[in-house]
*Asks:* 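Next up is a structure, given as structure tokens.
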There are 2 protein chains.
Amino acid sequence: MDEMLAVTALSALAHSQRLRVFRALVVAGPAGVTPSVLAESLGVARNALSFHLKALAHANLVSIEQQGRNLRYRADFARMNALLGYLTEHCCEGGSCEVAPSACAAAC
Amino acid sequence: MDEMLAVTALSALAHSQRLRVFRALVVAGPAGVTPSVLAESLGVARNALSFHLKALAHANLVSIEQQGRNLRYRADFARMNALLGYLTEHCCEGGSCEVAPSACAAAC
DNA sequence: TCAATAATACAACATTTATTGAACTATTGG
DNA sequence: CCAATAGTTCAATAAATGTTGTATTATTGA
């Protein structure tokens, strides 16, 4: 994780609709979700959703898999955890609090 | 942590200079840093730094304390950890991976 | 092959956000 | 009080980003 990747990821998440989309994908976990389901459950227009998913994919926060006529989007947990780690890196001058990847990071 | 707070915080961090400032404050830990020192060590103009610190403060990611002629900025670790938790909340449908606050969060 | 559905791409406009320089306030020390 | 330092604020311009509607590509099933 370098600075540019982190800024790209943070920018992608710094938007209410994209944040909702991403959190929905995090909740869905490895199973992933199709855009149709997301559009339905979040109440976002499909073209807007496509635009936002592209932004998240560009930031490598989500991955895409084609399944016939549908796409399946998944949160990229490795990337997410890299981002979280980047924010807390060398915390408190590396003193009392080395940062460990969160439980979720490891499990997903 | 609600959505609006999260978006505000993510927006504040989604900028290379502010991200550098915040990470410097995270590294500094509870001791905090003065704007002069930050401006010097990061090579940012003082008025620009002031602008960016204001944005971080507005997002409650940093706190300010006046010390005579100097100000002392500190990272707000509670807020930061709330943000990290918000991103991974209900991960994988609350299944195998409940998210625990990171080591840093607890210690700082 | 044709109609329907899934999803994306594009373009134009409105809105935000960043950057820069100059001016301003407040505190310390002589 | 005066000069110097610390830090902030403001305003104008430049640049990036969000939104919306329309058009396009691709896949499925009859």
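This is a predicted model, so every value here is computed, not measured. All heavy atoms count here, side chains included; hydrogens, waters and symmetry mates do not. Chain A is the first sequence line, chain B the second, and so forth, proteins listed ahead of strands; every chain is numbered from 1.
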*Asks:* Return the set of residues passing side chain to side chain donor-acceptor pair (under 3.5 Å) with A/His52 (not counting sequence neighbours), or none when no residue passes.
*Replies:*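 Checked A/His52 against side chain to side chain donor-acceptor pair (under 3.5 Å); matches are A/Gln17, A/Arg18.
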*Asks:* Rounded off to whole Å, could you give me the NZ-to-C1' distance for the B/Lys54 and C/dT17 pair?
*Replies:*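 The distance from NZ of B/Lys54 to C1' of C/dT17 comes to 13 Å, rounded to the nearest Å.
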*Asks:* Tell me the salt bridge (charged side-chain N to carboxylate O under 4.0 Å, His left out) pairs involving residues 54-65 of chain A, sequence neighbours left out?
*Replies:*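 Residue pairs passing salt bridge (charged side-chain N to carboxylate O under 4.0 Å, His left out), neighbours aside: A/Glu65-A/Arg74.
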*Asks:* Given atom CG of B/Leu10 and atom P of C/dT17, what is their separation to the nearest angstrom?
*Replies:*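 After rounding, the reported distance stands at 14 Å.
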*Asks:* Any side-chain N or O of A/Arg46 under 4.0 Å from OP1/OP2 of C/dA6?
*Replies:*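 A/Arg46 to C/dA6 OP1/OP2: side-chain N or O found under 4.0 Å.
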*Asks:* Does D/dA6 have its OP1 or OP2 closer than 4.0 Å to a side-chain nitrogen or oxygen of B/Tyr73?
*Replies:*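 For B/Tyr73, the contact criterion (side-chain N or O under 4.0 Å from OP1 or OP2 of D/dA6) is not met.
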*Asks:* Can you name the residues that form a side chain to side chain contact (heavy atoms under 4.5 Å, CB included) with B/Asp76, not counting sequence neighbours?
*Replies:*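 B/Asp76 satisfies side chain to side chain contact (heavy atoms under 4.5 Å, CB included) with B/Ala78, B/Arg79 only.
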*Asks:* Restricting to side chain to side chain contact (heavy atoms under 4.5 Å, CB included), what partner residues turn up for A/Arg20, sequence neighbours left out?
*Replies:*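 Per chain and number, A/Arg20 pairs via side chain to side chain contact (heavy atoms under 4.5 Å, CB included) with A/Ser16, A/Leu42, B/Glu3.
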*Asks:* Over how many whole Å does the gap from A/Leu56 atom CG to C/dT8 atom P extend?
*Replies:*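 My rounded result for the distance is 12 Å.
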*Asks:* Tell me which pairs pass salt bridge (charged side-chain N to carboxylate O under 4.0 Å, His left out) where either residue lies in residues 32-46 of chain A, with sequence neighbours left out.
*Replies:*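 Sorted pair list comes back empty.
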*Asks:* Sequence neighbours left out, what passes side chain to side chain contact (heavy atoms under 4.5 Å, CB included) with A/Ala6? Give chain and number order.
*Replies:*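 With neighbours one apart ignored, the set is A/Met1, A/Leu83, A/Tyr86, B/Leu19.
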*Asks:* In the structure I gave you, are the side-chain heavy atoms of B/Cys92 and A/Pro30 within less than 4.5 Å of one another anywhere?
*Replies:*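 Answer yes - side chains close enough.
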*Asks:* Applying side chain to side chain contact (heavy atoms under 4.5 Å, CB included), name anything that partners A/Ser11, two or more places apart in sequence or on another chain.
*Replies:*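 Side chain to side chain contact (heavy atoms under 4.5 Å, CB included) check on A/Ser11 returns A/Val7, B/Ala14.
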*Asks:* Could you encode protein contacts along nucleotides 13-30 of chain D as a string, one character per nucleotide from 5' to 3', using B for base contact, S for sugar-phosphate-only contact and - for no contact, with a heavy-atom cut-off of under 4.0 Å?
*Replies:* -----SB-BB----BS--
*Asks:* Rounded off to whole Å, could you give me the CG-to-P distance for the B/Asn70 and D/dT5 pair?
*Replies:*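 It works out to 13 Å between those atoms.
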*Asks:* With each end axis built from five pairs of C1' atoms, what bend angle do you get for the helix from C/dT1-D/dA30 to C/dG30-D/dC1? Round to 10°.
*Replies:*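 If I round to tens, the end axes sit 30° apart.
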